[in-house]
Amino acid sequence: PPQPPKEKRNEKPEPGPGRVWAVSSLGRSPHRAEPGCREGRECGAAPHALPASAPSPWRTGWGELGGKGRALAHALSREREVSEQKRAAPVFGREPLGRAKDQGTMAALLLLPLLPLLLLPLLLLLRKLHLWPGLRWLAADLAFAVRALRCKRALRARALAAAAADPRGPEGGCSLAWRLAQLARQRPAHIFLIHGARRFSYAEAERESNRAARAFLRARGWDAGPGGAEDERAAGVAGAAAPLEPGATVALLLPACPEFLWLWFGLAKAGLRTAFVPAALRRGPLLHCLRSCGARALVLAPEFLESLEPDLPALRAMGLRLWAAGPETHPAGISDLLAEASAEVDEPVPGYLSAPQSIMDTCLYIFTSGTTGLPKAARISHLKILQCQAFYELCGAHQEDVIYLALPLYHMSGSLLGIVGCLGIGATVVLKSKFSAGQFWEDCQQHGVTVFQYIGELCRYLVNQPPSKAEHGHKVRLAVGSGLRPDTWERFVRRFGPLQVLETYGLTEGNVATFNYTGQLGAVGRASWLYKHVFPFSLIRYDVTTGEPIRDTQGHCVATCPGEPGLLVAPVSQQSPFLGYAGGPELGRGKLLKNVFQPGDVFFNTGDLLVCDDQGFLRFHDRTGDTFRWKGENVATTEVAEALESLDFLQEVNVYGVTVPGHEGRAGMAALVLRAPHSLDLVQLYARVSENLPPYAWPRFLRLQESLATTETFKQQKVRMAKEGFDPSALSDPLYVLDQAGGAYLPLTAARYSALLAGDLRI
C-alpha cells in the first residue's frame, strides 16, 4: 500500500566547531547555543571579554564533554526524530499482534506460580558454591547503580545546558550560579531556606545572592554603567581599598546562617574564590589558614569581633580587606558588607563573570586537619560542586523533602552535601546555627522535617535525651550522614523509627565515596562489582608498623581478603581527580600512591582502614597516622603537641586518642614530661590550649610521666599508650581530666572516673 506523505522537517545540521547542541536537565529538545557563546568564555583575561577561540569550560571537564557531550546531545536529537517518524507511519496487522501479545501474557501468568520451584535448584547451587551472600543483594546493588548512572547523565545534561546558555545571562555562569538561577525560574515560590523565624524562597535566595555578588563586583572595580554598559575600573573603589582581582580569594569566618549562603553564592557569581574558615580558629592557626589559601579579604561575624581583637593588628598587617557581616559597631577599617549589599540592585549578574576556564578550576577552599598538624586548604573544583548536586538524589531524597541541617557550613558535610545537595533536588533546608538535642524533635514537628543529616555524635545526643512527646508522630523518614556507631544506630532506629539510616563515607579532598543504601547495621557502604563499576576503589594490605602499603615481589600492592582490614584507595582520573591543597605539592605528599596494581597507575590514599566482609559490606576500622576523630572533627596530634610544647615547663609531649565508653571517636590525651626544675602548671596549660586550639582539639586527659616511651627508631609509642587508656586504678602515673564546666584540669580520681563512665561528667 502507498505510504502517506511524510512531513517536511527542517534538516538539523551536524554539530561542528561553530555550534553546540545541549540537552537541558528538563528533557527539552536540543537547541542551538547563542552565537555569543559559540566557543565558550574566557575568564582569565578581562572578565567582560568574550573571545571566540576560548573553549567552553563545561565542554572540557566533565568526562571530556567537548566531543562526547555534542555526540550525546545529537544522538538524542536523532533518536527523537526516528521515534516520531515511527509513530507517524501506519502500522498494519496491529490486531493479530495484539491478540498474540495477550495470549503470551496469559501464559506467563499461568507459569508464574511455578517460578519458585524452577529457581530453587539454582538457589541451592549458589548457596553451595558460596555465591549466594553476594547475590542476595544484587537487586539493591543494581537499583543503586542505575540511580547513580541516571544522576551522572542528568548532571552531564545540566553542564551541556550551561555550555549552551547565553553567557550574558545568569544561567551561563558557574554551576552554583546557573543552578540557583534555574531553581529561581522553575520554583520561584518554593521555600529554599528556613532559619529560625526567617524563610526564603528560591527567588529570594537568587535576589539576595545577586546583591551580594554586585557588592563584591564593586570591590573588584566592576560596574554596569548607564544602559547596561559594563566597565572594569582600576581604582576608587570603596575609599582607598585596592580592588580585588578576578579569581581572588575571600575568606568567610561566619556561623551557619542565611548570610553565609548569600555571601558564598555572591562570591561564586562574582568570579571570586571562597575560603571557609573554621569558626573556632584564632591566633596562629587562623593566620596560617588565611596565608595558606592566599586570602585577599576576610568577612567576619560581628559576634566574633571581641575574641578576634588581639588578631586584628596581624590581619591588617597581612593587607587583608576586612568586612563585618552586620550593622554593629565596628573597629576602624572594618566596613559593613551587608549594608553595602543592601544598597545594590538585585538584578542577575552576567554569567561569563563566573564561568571557569576549566571545570577542574578551583572555586573553593575547605580546611581539613591533616597529619602535618595545622589545617590544610583542600582545593574544591567546579566539578566537585557539580557532583555534590547529586548527593541527596543518590540518597533517595526528592524535591518535596524538608532537610534538617545542624552541621557547620565550613565543613564539606554541611556546605557541599547539605546545601549544594539540597540545590541539586530543589528541596527545602532547615538550617540551625547550633544543634540542640532538646529542641530537635520540636523543630521536626514544626517544620515537617522528612530528612535529617547527621554526624554520629548528634544521634548519640538524641538517644541520651529523656523521652518527650515531640519524638512521636514525626515525619522523619531518612537519616543521612557518617560516623554512626552500631550501638547508637540500633538505639536510634528502635526509639525513633520507623526510619531509614543511610550511612556514608567520604573525604573533603578525596575522590571516593560510599553509600550504605541497604541499611545494613554498622556498614558504611558496599563493595559490589556494580558499585565499583560506577565508583571504583580498592582495599589493599597495609603495614601499621611501617605506615606503608604491603607490596609483592613485583612492587605492586596486594588486595585484601574478606574480613581483613585494608587501606582504602581509589584510582585518580579526569572524572575522579585529586587536586591537592593550596600552598604547595609537599602538603599532599603521601596522598598519592603509584604503581598500585600496574606500572604507571596512580591512586588516592584515603588514610583510612576499612574491612569488607564476605557479603560485600564495608565497615570502618580505624584511621592511619596520627590523626583521630572527636566531636565530628579531625584532630591532628602534631598541632596539639606543638601548642603544648610551647609551654616552658614541658619538655616532651605525646598526643594520641583514647576510646571513651559511650562516646563517638576518640578523645585527645596528652602524655607530658616536665622540664626540670619546673612543676606542672594546670592553670597556664588550660589557658594555652583554650587560646590556641579549637575546642574539639583540647586534650580531655593528661598523663604525667618521667619519660616518654619510644620505638627503636625513636618514634613515640602512640598505639601502646592509647591501649593503656586513662583508668586511674590501672595506671600509676598522675592523671588529670578536663572539666569543661569549670574551665580547668582536675585530678582524675576513682570517683571522677566512675562519674565519667556513668555519663555524669561531661568531657
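We count residues from 1, following the sequence as given. These numbers come from a predicted model, not from an experiment.
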Exercise. May I have the step-by-step check of salt bridge (charged side-chain N to carboxylate O under 4.0 Å, His left out) for R477 and E400, ending in yes or no?
Key: CA-CA 13 Å; R477 62 176 181 83; E400 298 306 321; over 6 Å; no
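- Distance check, rounded to the nearest 0.5 Å: SG of C174 to CG of L353 gives 10.5 Å.
- Side-chain atoms of K376 come within 3.5 Å of backbone atoms of L587 as a donor-acceptor pair (strictly under, hydrogens ignored).
- The CG atom of L267 sits 11.0 Å away from atom SG of C363, with the distance rounded to the nearest 0.5 Å.
- Side-chain contact check for L176 versus L423: some heavy-atom pair is nearer than 4.5 Å.
- Ion pairing of R321 with E340 is absent here, as no side-chain N (NZ or NE/NH1/NH2) approaches a carboxylate O to less than 4.0 Å.
- Using a distance-only test at 3.5 Å, with no hydrogens or angles considered, no donor-acceptor pair links the side chain of S381 to the main chain of T362.
- Considering all non-hydrogen atoms of both residues, P258 and L431 come closest at N-CD2, 4.3 Å.
- Taking 4.0 Å as the cut-off between side-chain N and carboxylate O, E691 and R283 do not count as a salt-bridged pair.
- Across all their heavy atoms, Q445 and H474 have their closest contact at NE2-N, 3.6 Å.
- R179 and Q182 share a side-chain donor-acceptor pair at under 3.5 Å.
- With sequence neighbours left out, the side-chain hydrogen bond (donor to acceptor under 3.5 Å, both in side chains) criterion links Q389 to R158.
- Between K475 and V449 there is no side-chain heavy-atom pair separated by less than 4.5 Å.
- Side-chain atoms of T249 never come within 3.5 Å of backbone atoms of T274 as a donor-acceptor pair (strictly under, hydrogens ignored).
- A cation-pi geometry, defined here as NZ or CZ lying under 6.0 Å from the six-membered ring centre and within 45° of its normal, does not hold between K631 and Y696.
- When only modelled atom types and interatomic distance are considered, Q453 and Y404 share no side-chain donor-acceptor pair under 3.5 Å.
- With E393 contributing its side chain and A390 its backbone, the two residues share no donor-acceptor pair below 3.5 Å.
- For the pair T428/F200, no side-chain contact is recorded, criterion being any heavy-atom separation below 4.5 Å from C-beta on.
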Exercise. Could you give me the CA-CA distance, side-chain angles and deciding distance for E347 and N210, then say whether side-chain contact (heavy atoms from CB on, under 4.5 Å) is met?
Key: CA-CA 6 Å; E347 295 299 317; N210 287 339; over 6 Å; no
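- Side-chain N or O atoms of D401 include one that pairs as donor or acceptor with a backbone N or O of H398 at under 3.5 Å.
- Rounding to the nearest 0.5 angstrom, the gap separating the CG atom in L261 from the CG atom in L193 is 6.0 Å.
- Note that the CD atom of E303 and the CG atom of L254 stand 8.0 Å from one another [nearest 0.5 Å].
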Exercise. Determine, stepwise, if the pair D346 / R214 fulfils salt bridge (charged side-chain N to carboxylate O under 4.0 Å, His left out).
Key: CA-CA 8 Å; D346 60 8; R214 290 185 175 274; over 6 Å; no
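- Here L405 contributes atom CG and L417 contributes atom CG; the two are 9.5 Å apart, rounded to the nearest 0.5 Å.
- Closest of all the heavy-atom pairs between C395 and L478 is O-CD2, 3.6 Å.
- Closest approach of C388 to M412, counting heavy atoms only: SG-CE, 4.2 Å.
- Proximity of a side-chain donor or acceptor of D361 to a complementary backbone N or O of S358 within less than 3.5 Å is detected.
- For the pair H447/R199, a side-chain contact is recorded, criterion being any heavy-atom separation below 4.5 Å from C-beta on.
- Across W264, W222, W323, a single residue satisfies ring pair (Phe, Tyr, Trp, His ring centres under 6.0 Å) together with F216, and that is W323.
- Ring pair F452/Y454 is tilted by interplanar angle, where 30° to 60° counts as tilted.
- At a cut-off of 3.5 Å, with distance as the only test, no side-chain donor of Y581 or R379 sits close to an acceptor on the other residue.
- For H411 and T508, the side-chain atoms include no donor-acceptor pair closer than 3.5 Å.
- R187 places a side-chain N or O within 3.5 Å of a backbone atom of G426 that can act as its donor or acceptor partner.
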Exercise. Could you walk me through whether S433 and H195 pass side chain to side chain donor-acceptor pair (under 3.5 Å), step by step?
Key: CA-CA 8 Å; S433 298; H195 184 261; 2.9 Å; yes
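- Residues L308 and L253 meet the side-chain proximity criterion, which asks for heavy atoms closer than 4.5 Å.
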Practice problem: In sequence, state the C-alpha distance, the side-chain angles, and the governing distance for L252 and V277, and then conclude on side-chain contact (heavy atoms from CB on, under 4.5 Å). | Solution: CA-CA 6 Å; L252 300 183; V277 181; over 6 Å; no
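- For the pair L305/P331, a side-chain contact is recorded, criterion being any heavy-atom separation below 4.5 Å from C-beta on.
- Closest of all the heavy-atom pairs between Y365 and A582 is CE2-CB, 3.6 Å.
- Between F276 and F260, the gap from one ring centroid to the other is short of 6.0 Å.
- By the 4.5 Å heavy-atom criterion applied to side chains, V250 and L263 are not counted as neighbours.
- Checked against side-chain hydrogen bond (donor to acceptor under 3.5 Å, both in side chains), N511 has no partners two or more places apart in sequence or in another chain.
- When side chains are defined from C-beta on, F192 counts as touching V429, because their heavy atoms get closer than 4.5 Å.
- Judged by distance alone, the side chains of E206 and Y202 never bring a donor and an acceptor atom under 3.5 Å apart.
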Exercise. Give the intermediate values and the outcome of side-chain contact (heavy atoms from CB on, under 4.5 Å) for residues L416 and I366.
Key: CA-CA 10 Å; L416 298 190; I366 296 182; 4.0 Å; yes
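- In this structure, A341 and R211 approach most closely via the heavy-atom pair O-CB, 3.3 Å.
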Can you give each donor-acceptor pair under 3.5 Å made by side-chain atoms of residues 288-302, sequence neighbours left out, with the distance rounded to 0.1 Å?
| from | atom 1 | to | atom 2 | distance (Å) |
| --- | --- | --- | --- | --- |
| H288 | NE2 | P375 | O | 2.9 |
| S292 | OG | H288 | O | 3.3 |
| S292 | OG | C289 | O | 2.9 |

Practice problem: Begin with the C-alpha distance, continue with both residues' side-chain angles, and end with the deciding distance and a verdict on side-chain contact (heavy atoms from CB on, under 4.5 Å) for S209 and L180. | Solution: CA-CA 9 Å; S209 60; L180 191 57; 3.5 Å; yes
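- Put simply, OG on S436 and CG on L458 are 11.0 Å apart, with the number rounded to the nearest 0.5 Å.
- Counting only N and O atoms by type, the side chains of S201 and H190 include no donor and acceptor under 3.5 Å apart.
- Both the sub-6.0 Å distance and the 45° axial angle are satisfied by R282 relative to the ring of F304.
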Exercise. Evaluate the side chain to side chain donor-acceptor pair (under 3.5 Å) criterion for residues Q465 and Y461: first the C-alpha distance (whole Å), next the side-chain angles of each, then the deciding distance (0.1 Å), finally the verdict.
Key: CA-CA 7 Å; Q465 285 289 302; Y461 294 153; over 6 Å; no
